[in-house]
Enquirer: 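One structure, as structure tokens, below. Some questions next.
Within every chain, numbering begins at 1; the chains are lettered A, B, ... in the order of the sequence lines, protein sequences first and strands thereafter.
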Amino acid sequence: MHSDARASFGLRLGAILGLLFLHLPIALIFLYAFTTEEKSYQFPPPGLTLKWFGVAWERADIWPPLYLSLKVAAIATALALILGTLCAAAMTRTRFFGRDQITLLVLLPIALPGIITGMSLRSAFAVMDIPFSTWTIVLGHATFCIVIVYNNAVARFRRLSGSIVEASTDLGANGFQTFRHVILPNLGSALLAGGMLAFALSFDEVIVTTFTAGQQSTLPIWMLQELIRPRQRPVTNVVAIVVFAATFLPILIAYYLTREGHETAGGGK
Amino acid sequence: MTAAVEFRNVTRHFGPVRAVDGVDLTIAEGSFFAMLGPSGSGKTTCLRLISGFDAPTSGEIRIFGEDSGHVPPNRRNVNTVFQDYALFPHMTVRDNVAYGLMVRGVDKATRRNKAEEMLSLVKLAGYGDRKPGQLSGGQRQRVALARALVNEPRVLLLDEPLGALDLKLRESMQDELKALQQRLGITFVFVTHDQGEALSMADQVAVFANGKVAQVGSPTDIYERPATKFVADFVGSSNVLPPALSRQFGGPDAWCSLRPEAIRVVEGAGQVTGTAGSARYLGAGTKLSVHLGRSEDMEISVVLPPGQAVPAPGTTVALQPMSGALHVMAGEK
């Protein structure tokens, strides 16, 4: 029987329409960052201009949220890198009672709806009399950032042949030397990828942040508030482009980093 | 000659499993020592006890006379060639070989020279800049060897060193390992399940069964004078004779082993008669199986020398052991 490798016209049209539905709004957001009209988003834009980038740069209220977002994402990622890696090492290198249950608990924050995480953290902070600060936001973000790093590290640990650690010890290395010269180089790209993804996730997080931020605004929350106000609308679009770049580029880099190194590290045969 | 490694009543239990069960062993300095046994017999655990990656449940392991109980693996003057080679995939071959020197803080120039020296010792000069991923299985094996030797260990442990290589390569590596050991003069302890490998390379062989040492001796001892049924069966193709059959062959009333090539098929009356079964041509002779009488449903292997006519299946044959060929297995009661 002749099998036709080409999809039917209808299917192809459907696929194209689906992709347009998903991605056209993003393209429109970019487009309206350049429009000359600031009150309503009329189509097509009456004219194109770069002035909103200048206006955004001048706006003093954008800088504190941007700075806060970067700070939170950086600290949460650093925290996740340390704790996620340690956790992955423990889970792959030892067997103990309740290991599978603990693995589930570690993975839970990413499966849990953000609103649940946010509410529970908020009430926990209230019970413990912890005032809202940058650190409460960081803690909220770290819950899911750890999972991302953990997942990447665990996958790499599993591929790492266990005997290369023994080989290093056998040749006279102490624990630190083994970590520095054998484990870290083999874990490096997985950690970088995990860290980038964690950073991107933290940078555009809204739900958990609204519960744990108090009076402060991160950049995504600033955008949310800005949409309600009709003043200088394209500025929000300019900020959207910045957020897009800050999250999309790390994810793209992480994708290329984890795509390499598919061969088993330390596999001898 | 002093003992390089000494096991004194060593046991290692994993929960209810007695992986190593009361082992006493003395490995002489400068010897090529084989630990032979089927998988699960405790040989690999014994190797890990020497390297320090595992600790005995009870008993003592002495390395050059010193109790090694509290010496961590990175402080033992013992190095290992791992079964899967365990080369560091992110380092060049040269850095792999020099690793043991680097972690000891040896300067770069010395490290480089020593690594090159080791690579030429294992016939891999010029491969220093490659990554392990670019080497063949046999080449990786040599890198693992060079890496383990760079620290000048007094004992080199090899865990199934040739297991992953194909037959031809395995045979040439056997010769090379043997030559290397003689040249360096250090103690080699290797673990294998391949009796041919153990017999052809080692000076001394310990046969392991169920966590115990069934027999220790030279390859000739093990092959020609097995101490137990297990050794006779595992190491060679010896016939194992129960006491009654031993008597029929003119031996004592005890379990005996009898090599197939030490039995003659004779004309007329022999000591034992049987029925010829299937024959297999081996090149250096023909292996014939002979079924013995009704009383015991037993089969005996006999190797006929080249030139002797092979009896047709079903014909009655008479068997005569060569004098002194019957060996009493002291380990069987």
Enquirer: Which pair of heavy atoms, one from H90(B) and one from P185(A), lies closest together, and at what distance?
Expert: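 Smallest interatomic distance, heavy atoms only, reads CD2-CB, 3.3 Å.
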Enquirer: Looking at F14(B), I want to see if its CZ is surrounded by more than 12 non-hydrogen atoms of other residues, nucleotides or ligands under 6.0 Å.
Expert: yes
Enquirer: State whether the number of non-hydrogen atoms from other residues, nucleotides or ligands found under 6.0 Å of R104(B) atom CZ is greater than 12.
Expert: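 Enclosed.
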Enquirer: Mark yes when over 12 heavy atoms from residues, nucleotides or ligands other than R12(A) sit less than 6.0 Å from its CZ; otherwise mark no.
Expert: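 Enclosed.
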Enquirer: At their closest point, which heavy atom of F82(B) faces which heavy atom of E166(A), and how far apart are they?
Expert: CE2-OE1, 3.6 Å
Enquirer: So for N151(B), is it side chain, backbone, both, or neither that comes closer than 4.5 Å to the heavy atoms of chain A?
Expert: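 It is the side chain, since no backbone atom gets that close.
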Enquirer: Tell me every residue that passes side chain to side chain contact (heavy atoms under 4.5 Å, CB included) with D129(B), counting only those two or more places apart in sequence or in another chain.
Expert: R94(B)
Enquirer: Taking the side chain as everything from C-beta on, heavy atoms only, tell me whether I164(A) gets closer than 4.5 Å to P89(B).
Expert: yes
Enquirer: Exactly one of N79(B), N74(B), L157(B) should register a side chain to side chain contact (heavy atoms under 4.5 Å, CB included) with D170(A). Which one does?
Expert: N79(B)
Enquirer: Using non-hydrogen atoms only, which part of P73(B) is less than 4.5 Å away from chain A: side chain, backbone, both, or neither?
Expert: both
Enquirer: May I ask you to check whether over 12 heavy atoms, not counting those of R170(B), lie within 6.0 Å of atom CZ?
Expert: yes
Enquirer: Against chain A, label V81(B) side chain, backbone, both or neither, depending on which of its atoms sit under 4.5 Å from a heavy atom there.
Expert: neither
Enquirer: Between R147(B) and chain A, with a heavy-atom cut-off of 4.5 Å, which part of the residue counts as in contact: side chain, backbone, both or neither?
Expert: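 Backbone plus side chain of R147(B), per the 4.5 Å heavy-atom cut-off to chain A.
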Enquirer: Compare every heavy atom of A173(A) with every heavy atom of Y99(B), then report the nearest pair and how far apart it is.
Expert: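 Heavy atoms of Y99(B) and A173(A) come nearest at OH-CB, 3.7 Å.
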Enquirer: State, to 0.1 Å, how close V103(B) and L171(A) come at their nearest heavy-atom pair, and which atoms those are.
Expert: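 Residues V103(B) and L171(A), closest heavy atoms: CG2-O, 3.7 Å.
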